[in-house]
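Here the structure is laid out as structure tokens; the discussion comes afterwards.
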Amino acid sequence: MGTDSPGHTPDEVVDCLGQRCPLPVIAAARRMPDLPVGAVLRVLADDPAAAVDIPAWCRIRGQEFLGASTVDGSPAYDIRRAR
Amino acid sequence: MNQPSAYFDAAAAAPLHPVARQAMLAALEDGWADPAKLYSQARRARQLLDAARAAAAEVLRVRPDELSFTTSGTAAAHAAVLGVLAGRRRVGNVLVHSAIEHSAVLHAARRHVEAGGVATSVPVDRVGRLDLDAWSAAVAAPGVALAALISASHEVGTLQPVAEAARACAAAGVPLYVDAAQSVGRVPVPEGWSVLSASAHKWGGPPGVGILVVRKGCRWESPYPADDREAGRSPGAPNLPAIVAAVAALRAAAAEADAEAARLAPLVERIRTTVPATVPDVEVVGDPVDRLPHLVTFSCLYVDGEALLHALDRRGFAVSSGSSCTSSTLRPSHVLEAMGVLTHGNIRISLHRDSTEAEVERFLAELPGIVADLRAEAGVVGL
């Protein structure tokens, strides 16, 4: 996970800090249908399982995982709605 | 709630084989003395220990003097890693291991690193198979003292390319340690290794017995304070009744292995194909073909692993999980992590000689409703 700022601006941010998996993945799945295709959703999640489960969810659901970064000291995962 | 219980966690501990129970009772009568002493009771104990060693060596096709009994599979794994690293420290201080080793091996690796050594982790692919190119490059690097590879993943069942990995090690002059805990007594372990460990309660022996094999020509130095038991490889008086029982179970399991594999593999295949067809949003993980015959793992999207484990337990199913919420560290399984597959809602089913088709059918019949109820409770239906 990089400590640099991510290279894109999210259209939406969901804060799942303090939540345990699968809650961050569920939050991403709930939010995604409201976004237009091409929009970027950022999930803030500090459960270590999110680092695996969010990219895995993107693969299963055909969404584009853009990468992980650190935002204000918290792990952040960016997803682009692909479909 | 008066369901018959179906125990599906043989990969943690298989039920005691009936011959192990008989052998242990006999050895408790006959083999309680210290086999190192010089009187008749001790000589009888020594005979039992020697016979057990010879029988285990025959099953593993090694020399008896290469085989030591340890106090657990974990102790054998620790001794394998730390003993070879100590014996070969003049060669170098690098340990190469796969990313999916058992935690016993990874904890030994951490000890090595804390003592100033180096550990290189080699990745696996999406089905949990070792990256052979990365492995070959890693073992050929300067200063490698030992390479460690699990024979088959204890979490997802994928058989590892042990023979190819061993060839890469041989070409680099590096001894290979194989943690064969999930294979011994069930499937053949390919040749080419220098050190092997196994664990009796995985094949139907009692807990508290491990096996460590160090082939002739492989340098091994005890990481423990000096003790001459078990060729200096496992300190303390051996638990002879448990060892005798473990070896009786090993012989029986090895003799039954082909028939059991032929019986259990279709049940595992049935789980692998039925669960994704009857439960929405399930990811079955591990290699579909090159796999252990008795073990299958899958993850249910949006389901809490701990809740699933408890729901299954209430219906009489004992299973294991690699989800973070079920671990004492609250971290997900490092094996699932290395594969890049879903870690939540994870279930591992591992069958054994008492597992029946009826138990598997009952599981397959009840799982869809159990998962649906959990998803309804969590409000995640249709996501």
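Residue numbers start from 1 in every chain, and the chains themselves are labelled A, B, ... in the order their sequence lines are given, proteins ahead of strands.
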### Query
By salt bridge (charged side-chain N to carboxylate O under 4.0 Å, His left out), which residues pair with B:Arg110, not counting sequence neighbours?
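B:Arg110 satisfies salt bridge (charged side-chain N to carboxylate O under 4.0 Å, His left out) with no other residue.
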### Task
Could I get the full list of salt bridge (charged side-chain N to carboxylate O under 4.0 Å, His left out) partners for B:Glu306, not counting sequence neighbours?
none
### Message
Do A:Ile60 and B:Leu342 have side chains that approach each other closer than 4.5 Å (heavy atoms only, starting at C-beta)?
### Response
yes
### Query
Do A:Arg61 and B:Asp281 have side-chain heavy atoms sitting under 4.5 Å apart?
yes
### Task
Tell me, for B:Glu337 versus chain A, whether the close heavy atoms (under 4.5 Å) come from the side chain, the backbone, both or neither.
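Contact with chain A: backbone and side chain both.
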### Task
Please look at B:Leu301 and chain A and tell me whether the side chain, the backbone, both or neither of the residue comes under 4.5 angstrom of a heavy atom of that chain.
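Just its side chain gets close to chain A.
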Grab the two heavy atoms, one from [X] and one from [Y], that are nearest each other, plus how far apart they are.
X        : Y        : answer
A:Arg59  : B:Gly340 : NH2-O, 3.2 Å
A:Cys21  : B:Asp304 : O-OD2, 4.2 Å
B:Val341 : A:Asp53  : O-OD1, 4.3 Å

#### Entry: Members of residues 367-380 of chain B whose heavy atoms come closer than 4.5 Å to chain A
B:Ala378, B:Gly379, B:Val380
### Query
When only heavy atoms count and the cut-off is under 4.5 Å, which of residues 24-31 of chain A reach chain B?
A:Val25, A:Ile26, A:Ala29, A:Arg30
### Query
More than 12 non-hydrogen atoms from neighbouring residues, nucleotides or ligands closer than 6.0 Å to CZ on B:Arg272, yes or no?
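Yes, because the 6.0 Å sphere around CZ of B:Arg272 holds more than 12 heavy atoms from other groups.
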